[in-house]
Number of protein chains: 2
Amino acid sequence: MNDVIQLLQSHRSIRKFTDQGIEQSVVEELIKAGQSAATSSFIQACTVIQVAKGERRDRLAELANNQAYVADAPVFLVFCADMHRHKVACEQHDAEMLSGFTEQFLTASVDVALFAQNVVVAAESLGLGICYIGALRNKIDAVADLLELPELVYPVFGLCLGYPAQDPEVKPRLPVSVVLKQEHYNEEGNSESLVGYDAHVNAYYRSRSETQKDLTWTGQIAGMLQKEARPHMLKFLKEKGFLLR
Amino acid sequence: MNDVIQLLQSHRSIRKFTDQGIEQSVVEELIKAGQSAATSSFIQACTVIQVAKGERRDRLAELANNQAYVADAPVFLVFCADMHRHKVACEQHDAEMLSGFTEQFLTASVDVALFAQNVVVAAESLGLGICYIGALRNKIDAVADLLELPELVYPVFGLCLGYPAQDPEVKPRLPVSVVLKQEHYNEEGNSESLVGYDAHVNAYYRSRSETQKDLTWTGQIAGMLQKEARPHMLKFLKEKGFLLR
């Protein structure tokens with residue numbers, strides 16, 4: 001195992017940051033690393049909006065379930081799936097863009113995620129800590145308004161960046177045998193492996209340094225999935241021109 | 001700029017591989033690196049199916065637009081978004097899972113992409129080359145049947161892995177000024193920047209070592225987006241239990 005793999009396997013989200021800022025030239029280097037990720041048919045469908053500390057950032061934090069680290073992180077980026085840029089390119093060539101396909105929503109969203117994960121790896125290689133903010137989708141219409149997003153652009157998630165002021169434990173992941181299968185989908189050995197994994201996760205939650213809980217993985221999942229999952233998303237995305245066909 | 005960022009910024013897809021195989025212990029190390037990526041609410045919604053060279057792999061290559069490298073790559077992985085595992089966890093706890101939300105489709109797909117990109121970075125750090133295979137979605141229902149995917153599981157993309165037998169140029173990405181915006185979405189300076197970028201991309205396509213073309217970025221995008229984008233996707237995904245609400 002080399003240093004890069006060691007770095008990847010050491011990831012944990014950071015939610016407390018020191019006051020130390022990040023040079024803008026470093027942010028741009030991270031963005032270039034993000035852009036270097038593979039992109040489906042070269043669409044390059046990611047636009048990043050950097051929001052400085054201040055009123056707009058505070059409002060984003062409020063909209064994202066009042067997570068203080070959204071307001072406090074030295075750098076906050078909103079990763080948007082952007083096919084508006086493609087509409088402009090089509091117009092420039094007098095081409096009629098066929099939009100609204102589910103496939104386009106998927107490729108643009110995947111593009112954004114590949115880009116963001118490269119930004120994260122680059123950031124962590126510099127000793128920075130990160131936290132993805134999916135809660136930007138709690139009030140996604142208000143976030144889109146605040147960031148003045150046009151049709152065919154939507155915010156996929158946010159990202160907090162800064163130097164860590166905490167050192168949390170790495171959260172144990174599913175056994176490889178559950179996640180990697182040979183030749184075809186199968187559940188062989190899964191139920192046995194999950195018993196052991198539940199115990200492992202429970203030990204982690206009970207003993208970790210911050211906010212101890214008494215939870216297992218399957219218990220946590222079962223609790224979560226009995227609730228509706230951001231039921232406003234489909235309507236919002238359709239209004240933005242996605243998932244129409 | 002450190003070695004990790006250098007590695008990220010040097011990515012290019014590899015479509016020709018040497019015969020050298022990859023040890024299974026290395027594949028598992030890559031999977032662990034993938035699992036270490038952030039996962040939305042700890043859902044860990046990625047299942048990877050590794051398909052050995054042989055009949056099934058040949059059939060996948062056929063279904064993916066007859067790309068020879070899908071059949072030939074030493075290792076081929078299919079990255080699936082998997083919420084079937086969560087249904088099992090719910091049943092185990094006598095909980096009724098509310099599925100079909102667009103939000104769940106999005107978080108599962110993003111989970112898969114973050115996971116895969118970590119696998120890619122880990123692989124490239126070992127000198128391996130990779131190529132994402134979105135064309136697995138060309139005949140996605142046949143791929144899903146071949147891999148015996150149950151409800152709530154779909155193949156997001158494939159990934160070829162192997163030692164490179166070619167050394168293609170890095171493809172130029174959009175100017176950072178087009179991709180990174182401050183405070184809110186805006187198109188300031190984009191049209192000027194895209195003129196220069198189109199020239200840059202054209203020079204790349206005309207001079208690269210393999211398959212020269214006379215294309216610009218906006219021209220390529222305009223050409224592509226006049227066509228339907230895998231119009232079967234929405235129906236397929238709904239049949240698998242996704243995007244129902």
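Predicted model, so just to flag it, every value in this text is computed and none were measured.
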**Fill in**
Tightest non-hydrogen contact, residues B:Ile43 and A:Ile221, listed as CA-CD1, 4.0 Å
**Heavy-atom closest contact (A:Ile49 atom, B:Glu183 atom, distance)** = CG2-C, 3.7 Å
Do [X] and [Y] touch side chain to side chain, with heavy atoms closer than 4.5 Å?
X        : Y        : result
A:Leu147 : B:Lys181 : no
A:Val179 : B:Ile31  : yes
B:Asn186 : A:Glu148 : no
B:Gln9   : A:Glu29  : yes
A:Leu114 : B:Tyr132 : yes
A:His11  : B:Asn118 : no
B:Val4   : A:Glu124 : no
B:Arg85  : A:Val178 : yes

**Asked** Roughly how far, to the nearest 0.5 Å, is the NE2 atom of A:His232 from the CZ atom of B:Phe101?
**Response** 11.0 Å
**Prompt:** Does A:Thr218 offer a backbone N or O that forms a donor-acceptor pair with the side chain of B:Gln92 under 3.5 Å?
**Reply:** no
**Asked** Is there a donor-acceptor contact under 3.5 Å from the side chain of A:Arg230 to the main chain of B:Thr102?
**Response**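 No, because the side chain of A:Arg230 does not come within donor-acceptor range (under 3.5 Å) of the backbone of B:Thr102.
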Which residue out of [options] racks up the most heavy-atom pairs below 4.5 Å with chain B?
options                                : value
A:Val112, A:Val153, A:Leu98            : A:Leu98
A:Ala89, A:Ala113, A:Ser125            : A:Ser125
A:Gln220, A:Arg245, A:Lys227, A:Glu228 : A:Glu228
A:Val121, A:Leu106, A:Leu30            : A:Leu106

**Asked** Considering only heavy atoms, which portion of A:Val88 lies under 4.5 Å from any heavy atom of chain B: side chain, backbone, both, or neither?
**Response** side chain
